[in-house]
Amino acid sequence: MAQYKSEWIQVARDITSGISEQDRFERLLVTIRDMLQCDAAALLLFQKQNFIPLAINGLSEDVLGRRFNIEQHPRLEAIARAGDIVRFPPDSDLPDPYDALIPNHAQKLEVHSCIGLPLFQEDRLIGAVTIDAFDPTQFNDFPDDDFRLISALAANSLHTALLVAKLEENIGVTSAPKSKRAKYAQLDFIGQSQGIIELKSHISAVANTDLSVLIMGETGVGKELVAHAIYSQSNRKDESFVYLNCAALPESAAESELFGHIKGAFTGAISDRKGKFELANKGTLFLDEVGELSLALQAKLLRALQYGDIQRVGDDSNIKVDVRIIAATNRTMHEEVKEGNFRSDLYHRLSVFPIFVPPLRDREKDVILLAGFFAEQCQHKLNLSSITLDGDVLVLLQNNPWEGNVRELEHAINRASVIAKAESNAPHLILKAHHFQFAHSDLTESNTNTAISAPSDAPLLPVEQFQDLPLKEATEQFQMKLIQSAYLTNEQKLSATAKQLGLNPGNLHRLMKRLGLK
């Protein structure tokens with residue numbers, strides 16, 4: 001432990017420094033792996049009986065999208081219930097949540113040595129650090145006090161991040177970078193792309209107002225999830241959330257569904273009935289596929305929004321309602337207005353605050369995180385020990401256009417898992433390319449090879465300066481120059497440099513130390 005004193009001092013300084021939470025977490029895990037020489041480490045947030053990965057080192061990238069419910073993962077439940085570090089015996093029969101999720105160890109599917117560090121703040125569980133190794137004796141020589149120091153530093157780092165996020169949320173801070181705002185308040189959204197970061201920012205901005213919101217986006221992008229997120233962060237979150245699918249409304253019953261009816265208003269009206277507006281009074285009404293409403297019903301909806309009162313079918317009296325409207329559509333509404341299919345006055349009334357949900361193809365590596373999330377869900381539905389994604393599959397998933405967006409990805413993972421299970425009765429399933437049925441023939445092996453080649457923005461260095469050196473020395477010299485160039489380009493930020501070079505930050509850190517660059 002003493003030989004890593006400088007690293008731990010730096011970790012302690014990082015807690016109060018101006019670096020981003022993600023860089024702080026990654027440096028912590030790099031130090032843990034260097035000190036313990038373990039195969040994997042992870043920092044997890046504890047929220048609503050789930051452990052949510054915030055940073056990983058040595059684990060498959062899709063782990064960041066997984067959500068580990070403690071009822072389904074007995075090791076994590078043991079960590080959550082413990083008041084101190086947990087050393088799992090190498091022969092423990094409790095399944096490890098990371099079995100088969102440490103890449104480049106295909107021959108070692110099950111982890112044999114595991115340490116769990118619960119993270120507390122004033123006796124409240126806020127997260128955990130997990131440390132794993134394949135060697136059953138890897139942690140035998142490390143005393144408990146070493147792990148308690150790690151736990152204390154990790155708990156302080158996570159607590160600081162949570163406090164900053166809560167402060168920014170409460171005061172509506174606008175000076176913080178968008179990528180760091182309210183990061184831990186909206187973890188139901190799986191993704192780290194710029195589009196999702198901006199979406200979360202817009203939700204935070206409008207949620208606690210009474211403005212009408214129009215959510216736009218292609219089919220399957222998650223518009224209903226956005227509506228629920230707005231509602232759950234609003235000052236109406238303790239009142240009703242009423243859902244109405246406008247596309248499923250038969251014309252004859254549409255007005256009654258929205259505004260209700262009185263007894264005898266029409267054949268079959270055997271009693272008074274409240275409509276969706278009355279049911280949502282003081283709360284939120286979500287009008288899904290609002291672009292499907294008829295022009296006649298649009299006029300009546302407009303009146304309800306303008307004056308805040310409604311009339312039940314067959315009744316001449318008005319009923320005052322206080323309803324916050326959230327609407328969603330997959331149509332291009334301004335085009336619908338131009339073509340006369342949607343009233344312009346209603347469109348402007350609904351779209352006081354428009355929100356666009358990006359399609360999956362524009363969300364960069366979010367597809368990998370979402371694939372991990374759905375694989376984790378599917379593994380429990382199929383009663384399996386693990387479902388992992390082959391490296392080639394991850395590339396194919398990123399190259400697929402996903403015209404059905406997140407919903408199509410979920411179905412693809414579920415279908416591939418069922419096919420893989422039918423092929424093998426093994427408890428650990430690895431989803432391969434042939435388990436998927438992509439509709440696009442351009443997802444070829446050549447695309448796969450191109451996708452995993454060296455980054456196109458990496459500087460090209462002339463080979464002549466290395467040609468007189470032995471291969472090993474030439475390789476090291478090339479690595480040094482390439483890493484130095486990228487490191488300077490990225491303002492000496494380890495995570496950004498690793499991303500440019502296509503490396504895991506922990507692996508890059510160790511490589512730099514070996515080359516004498518650290």
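- Applying the salt bridge (charged side-chain N to carboxylate O under 4.0 Å, His left out) test to residues at least two apart or on different chains, the pairs with a partner in residues 57-66 are E61-K365, D62-R66, R66-E376.
- Ring geometry, F286 versus Y243: the interplanar angle falls from 30° to 60°, so the pair is classed tilted.
- For the residue pair N50 and R67, no side-chain donor N or O sits within less than 3.5 Å of a side-chain acceptor on the partner.
- In this structure, F147 and F139 have perpendicular ring planes: the angle between them is above 60°, well past the 30° mark.
- By the ring pair (Phe, Tyr, Trp, His ring centres under 6.0 Å) test, H380 is found to be paired with H73, residues two or more places apart in sequence or in another chain being considered.
- When only modelled atom types and interatomic distance are considered, H112 and Q138 share no side-chain donor-acceptor pair under 3.5 Å.
- Checked options D96, D93, D99; the residue passing with R75 is D96 (criterion: salt bridge (Lys or Arg N to Asp or Glu O under 4.0 Å)).
- In summary, the side chains of H428 and S386 do present a donor paired with an acceptor at a separation below 3.5 Å, with no hydrogens or angles considered.
- In the displayed structure, E423 atom CD is contacted under 6.0 Å by more than 12 heavy atoms of other residues, nucleotides or ligands.
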Let me see the working for D144 and R87 under salt bridge (Lys or Arg N to Asp or Glu O under 4.0 Å), right down to the final yes or no. CA-CA 9 Å; D144 288 354; R87 290 179 181 261; 2.9 Å; yes
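- Annotation: N140, atom CG; neighbour count of heavy atoms from other residues, nucleotides and ligands within 6.0 Å is above 12.
- Side-chain contact of S234 with N208: a donor-acceptor pair under 3.5 Å is absent, judged by distance alone.
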